[in-house]
Structure formats: structure tokens, C-alpha cells
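In what follows, a structure is listed as C-alpha cells, so that the remarks can point back to it.
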Amino acid sequence: MVKIISLKKEAQKEIKKAKDLKELDQIFKKYLGKRGKITQILRSLKKLKKETRIKIGKEANLLKKIVEENIREKAEKLKEKARAEILKKEQIDVTVPGKKVILGHLHPLTQIQRKVEEVFQSMGFSVVEGPEIETEWYNFDALNIPKDHPARDFWNTLWLKKATGDRRQETRLLLRTHTSPVQVRFMGKNPPPLRIIVPGRVFRHEATDASHEVNFYQIEGLMVDKNISVANFKAIIQKFFKKFFGKPARGPLRPRSEASEARQGRPIKIRLRPSYFPFTEPSFEVDMTCLTCRGKGCSACQRTGWMEMMGAGMVHPNVFKAVGLNPKDWQGFAFGMGLDRLAMMKYKINDIRLFYSGDLRFLNQF
Ligand code: FA5
């Protein structure tokens, strides 16, 4: 009897102390499991005399019921506590301010490229692309610049190493020095009439300064049809400049529109200068008033007040012949515009190298 009373106290103390269901399960096994303390008392009953067996049996069964009940109640409490803890963890405080997601934006040169594409597309031009690794033939020969022609010196070229002993490589490879090879690639596959622009990266092995980079972007333009003349080129390019500089750029550095420049007595001027390119005849260069200094002269325009924006001209008969077209049937104009320089003028940036600096203080302004 004494044993039963002390066992009850012992079990109840342990049940009260149990911190989780695992501990409670151990307690169950200790007292009520196969070899549990209470189970053993119940099993030993049969060895007792009838009178004692009835008395002890009654007490032991009562103890079993009480301990079972205590364990069940404690299990409920522990489960409830665990549920509350999970709920607490999963709680969402809708009033907590959200975390700010940092979004990037398009590079200013990409923004300018898209704007240029938009303007030319509105004038019926399609956007075409070509490879940055080009063959010597497309970059030079097909553009009427044969080997040993002095004009090859205009473009300081980055040549790619030939795989040694590779006889199959008939033509040398290079990093294209301009977007003009795409004129030939496109005309070779698409019969005129045609109007295309070709934006893309070009490479030159030359010293950098405020308006020259080793790696920069050009936009080639090509229009081929019957009866095309320099007048058509002038009209298209004037319209382009008007549309491109006419509207203020997005971003904090908004250049004044052509109209407002004109009101100030300082209109944006464009001039055509006679020039020479082996793949156009006649050839010219197009300059515009340097908007960084408004024509006064600065480091960006090499103190001339003018920024050279593009080379251009009427497609040379030899280029038409290289793609199997009869120059007597077709005429066209072509131009190669410096995209970086357009961006410099649009945003009044005085050094081309800023575009490639990766400096966020610069880039975040656009
Ligand atoms: C050419 O590259 C010719 N392919 C352009 C052309 C196309 C002429 C079609 C006729 C017909 P040029 O080397 O001048 O020409 O370059 C054209 C433009 O690219 C320049 O007017 C200038 O705006 C830009 N440019 C040239 N070199 C650099 C440089 N190192 N860094 C940044 N922009 C440059």
C-alpha cells in the first residue's frame, strides 16, 4: 500500500515536470509500459492471497487509471502549447514596412540605341544585326578595300590569331572595325528596295581620349532603291536629328530641344564635310554643333565646337557589284553613326569613357 501511494506521488511529480511529448512518452513506458512499475504490480497480483489480492488489485487499478488520466491531460496541454508556438512563429505582421527591392535600369547607351531604332523604324527602316567577329573579306575586301590598300589604315584593326596550320581558314578573322560589313551581308541575301539600320559594337586598336574608345557602338544605315540621291540622305538625316534631339531625353540631364536652342539664338547646326570612304562615292562626314560646350570648344570636341557624328555617302558601284547587283539599276546611301557620340550630345557628357567606367554615380543619373 505504501508502495502504491509513493509510486503515485513519484509518477505525478514526473508528469508535472515533463517538458514535451517525448518525455511524457518515456514516463508512460516507465509506469505503464510492458515492464512498467504499475504493470509489474498488476502482474504480481496472482501470487498474492485472495484477500490481499482484492485489496491491492483495487488500489493498483485505481493508480493505473489515475496515472493514465494524468498523462492524457498533460499530453493535451503539451499539444496545445506546441500549436500556440507554431502559430506565434507563423504570425504575419501586415503593418511591418516591406523590404525595398533594388531594381536596375537600362544602360544609357541601350536607352539611346532604342530611341534611335524607334525614330528610324518610324521612317520605314528595319533593324538588322551582324556578327562582332568578322571576316577580312566582309570588313574590307567586299567594301572595296583590297589587301594593301592604304585605306585599311583608317581602321586600326584588332586581328584574331589564326589556328596554326589550319589551311581551311581561307580568310583571316578580326573584331569588326565598323558596322559597314552588314551592308554587304544583308544585300547579299535581300534584294532591294531596302531600308535598314544596323546597331552594334565595333572595335578599334587606338588610343582613347574624351571622344574615342577602343570599343564603342555604331549605327549603320542603308537605303537602296531606284533614283536615290544625296538629297534623300540629307532629308532622312535631318528628320532623324530633329526627332532625336527634338524631344527631351528621359533622365535628369535634359538637353534643350532644337526649338528652344533656336529661341536662344544657338540652333543645333549640322554640316556635311567632303570626305573619303572606299565604299561610298561621293563621301562625306556629318558634324553637329557640340552640345557639351554649345559650339564654344571643349575637350569632347577637341576645341573645334563641332562633334563628328557619322561617315556617309552614296553606295560605291563596286559594293553593288560585290553582292551581284547592277549599279546602273540601283542607287543608295549609307551612313555609319557613332552611337556613343549621339548619347554624349543628348545628355551633354564630356567624356565617352564614362559610359564604360561602371561607375554607379554616373549610371544612376539615367
Ligand atoms: C566608319 O566607320 C564608316 N564605316 C562609316 C560609313 C558608313 C561611311 C557607311 C560611309 C558609309 P568612321 O571611322 O569615321 O567611319 O566612324 C564613323 C563614326 O563612328 C564617327 O563619325 C564617330 O562618330 C564614330 N567613331 C569613330 N571612331 C570612334 C571611336 N574610337 N570612339 C567612339 N566613336 C568613334
Side-chain angles (χ1 to χ4, degrees), residues 106-113 115-116 153-158 175 177-179 199-220 237 240-242 244-258 260-262 264-277 283-312 335-366:
L106 293 177
H107 190 278
L109 289 178
T110 311
Q111 293 182 31
I112 289 294
Q113 182 182 323
K115 177 76 190 159
V116 174
D153 296 345
F154 292 169
W155 296 281
N156 297 308
T157 312
L158 290 153
L175 292 180
T177 56
H178 50 180
T179 41
R201 193 148 63 134
V202 300
F203 310 84
R204 295 200 190 164
H205 183 243
E206 59 187 29
T208 67
D209 60 30
S211 57
H212 291 84
E213 253 297 355
V214 179
N215 151 140
F216 60 101
Y217 287 81
Q218 282 189 339
I219 302 240
E220 192 79 7
I237 226 60
F240 165 74
F241 274 92
K242 198 166 180 186
F244 184 80
F245 289 104
K247 279 183 203 148
R250 261 182 266 147
L253 303 167
R254 291 169 185 235
R256 290 191 178 83
S257 70
E258 196 177 357
S260 75
E261 297 273 350
Q264 291 189 4
R266 279 193 290 244
I268 300 170
K269 283 195 202 139
I270 294 165
R271 71 177 185 191
L272 263 65
R273 234 177 336 113
S275 186
Y276 169 72
F277 294 101
S283 305
F284 21 83
E285 234 127 6
V286 181
D287 302 335
M288 70 177 281
T289 314
C290 176
L291 294 184
T292 316
C293 60
R294 294 173 185 269
K296 285 188 203 123
C298 65
S299 60
C301 61
Q302 271 129 28
R303 325 247 160 244
T304 61
W306 292 97
M307 179 62 87
E308 181 199 309
M309 300 304 288
M310 69 180 92
F335 60 86
M337 184 158 48
L339 184 78
D340 308 63
R341 296 205 183 160
L342 265 183
M344 285 170 79
M345 293 298 97
K346 184 86 170 165
Y347 296 123
K348 297 188 175 151
I349 292 161
N350 61 8
D351 200 315
I352 190 172
R353 290 165 291 198
L354 285 165
F355 290 124
Y356 305 94
S357 63
D359 188 338
L360 289 179
R361 289 169 305 175
F362 170 72
L363 293 173
N364 281 339
Q365 297 177 75
F366 300 92

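The basis for the numbers below is simple: all heavy atoms, side chains too, and nothing from hydrogens, waters or symmetry mates. Bear in mind that the values here come from a model prediction, so they are computed numbers and not experimental data.
- Looking only at side-chain heavy atoms (C-beta outward), Phe355 and Phe216 stay at 4.5 Å or farther from each other.
- Taking every heavy atom of both residues into account, Ala210 and Asn350 meet most closely at CB-O, 3.6 Å.
- The shortest heavy-atom contact between Ile349 and Thr292 is O-OG1, 3.7 Å.
- The two atoms that bring Pro199 and Ile219 nearest to each other are CB-CD1, 3.8 Å, heavy atoms only.
- None of Arg341, Glu206, Arg353 except one satisfies the side-chain hydrogen bond (donor to acceptor under 3.5 Å, both in side chains) rule with His212; the exception is Arg341.
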* **Worked verdict on Phe335 versus Val286 for side chain to side chain contact (heavy atoms under 4.5 Å, CB included)** => CA-CA 9 Å; Phe335 60 86; Val286 181; over 6 Å; no
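- The structure places CG of Leu342 at 11.0 Å from CD of Gln113, a figure rounded to the nearest 0.5 Å.
- Judged purely by atom type and a 3.5 angstrom limit, Asn215 has no side-chain atom pairing as donor or acceptor with the backbone of Phe203.
- Between Leu106 atom CG and Ile112 atom CD1 the span is 11.5 Å, to the nearest 0.5 Å.
- No donor-acceptor pair closer than 3.5 Å links the side chain of Thr177 to the backbone N or O of Thr157.
- Residue Leu354 comes nearest to Ser357 through the heavy atom pair O-OG, 2.8 Å, listed as atom of the first residue, atom of the second, then distance.
- With a 4.5 Å cut-off on side-chain heavy atoms, Tyr356 and Asp340 count as touching.
- Atoms CG and NZ, from Leu339 and Lys346 in turn, are 12.5 Å apart once rounded to the nearest 0.5 Å.
- Under a cut-off of 6.0 angstrom, the local environment of NE2 in His205 is sparse, with at most 12 non-hydrogen atoms contributed by other residues, nucleotides or ligands.
- Of the inter-residue distances, the one linking Met344 atom CE with Ile352 atom CD1 reads 6.0 Å to the nearest 0.5 angstrom.
- In this pair, Phe362 and Phe366 present their aromatic rings perpendicular. The plane angle is above 60°, beyond the 30 to 60° band.
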Hey, can you pull the donor-acceptor pairs under 3.5 Å for the side chains in residues 303-311, sequence neighbours left out?
| residue | atom | partner | partner atom | Å |
| --- | --- | --- | --- | --- |
| Thr304 | OG1 | Cys301 | O | 2.7 |
| Thr304 | OG1 | Trp306 | N | 3.1 |
| Thr304 | OG1 | Trp306 | O | 3.0 |

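- Here the closest non-hydrogen pair linking Met345 and Cys290 is SD-CA, 3.8 Å.
- Judged by distance alone, the side chain of Gln218 and the main-chain N or O of His178 form no donor-acceptor pair under 3.5 Å.
- To the nearest 0.5 Å, atom CZ of residue Arg273 and atom CZ of residue Phe284 are 12.0 Å apart.
- Contact annotation: the side chain of Tyr347 never approaches that of Gln365 to less than 4.5 Å [non-hydrogen atoms, C-beta and beyond].
- Once rounded to the nearest 0.5 Å, the distance linking CD of Glu213 with CZ of Arg204 reads 12.5 Å.
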* To do: In sequence, state the C-alpha distance, the side-chain angles, and the governing distance for Tyr217 and Thr179, and then conclude on side chain to side chain contact (heavy atoms under 4.5 Å, CB included).
  => CA-CA 9 Å; Tyr217 287 81; Thr179 41; over 6 Å; no
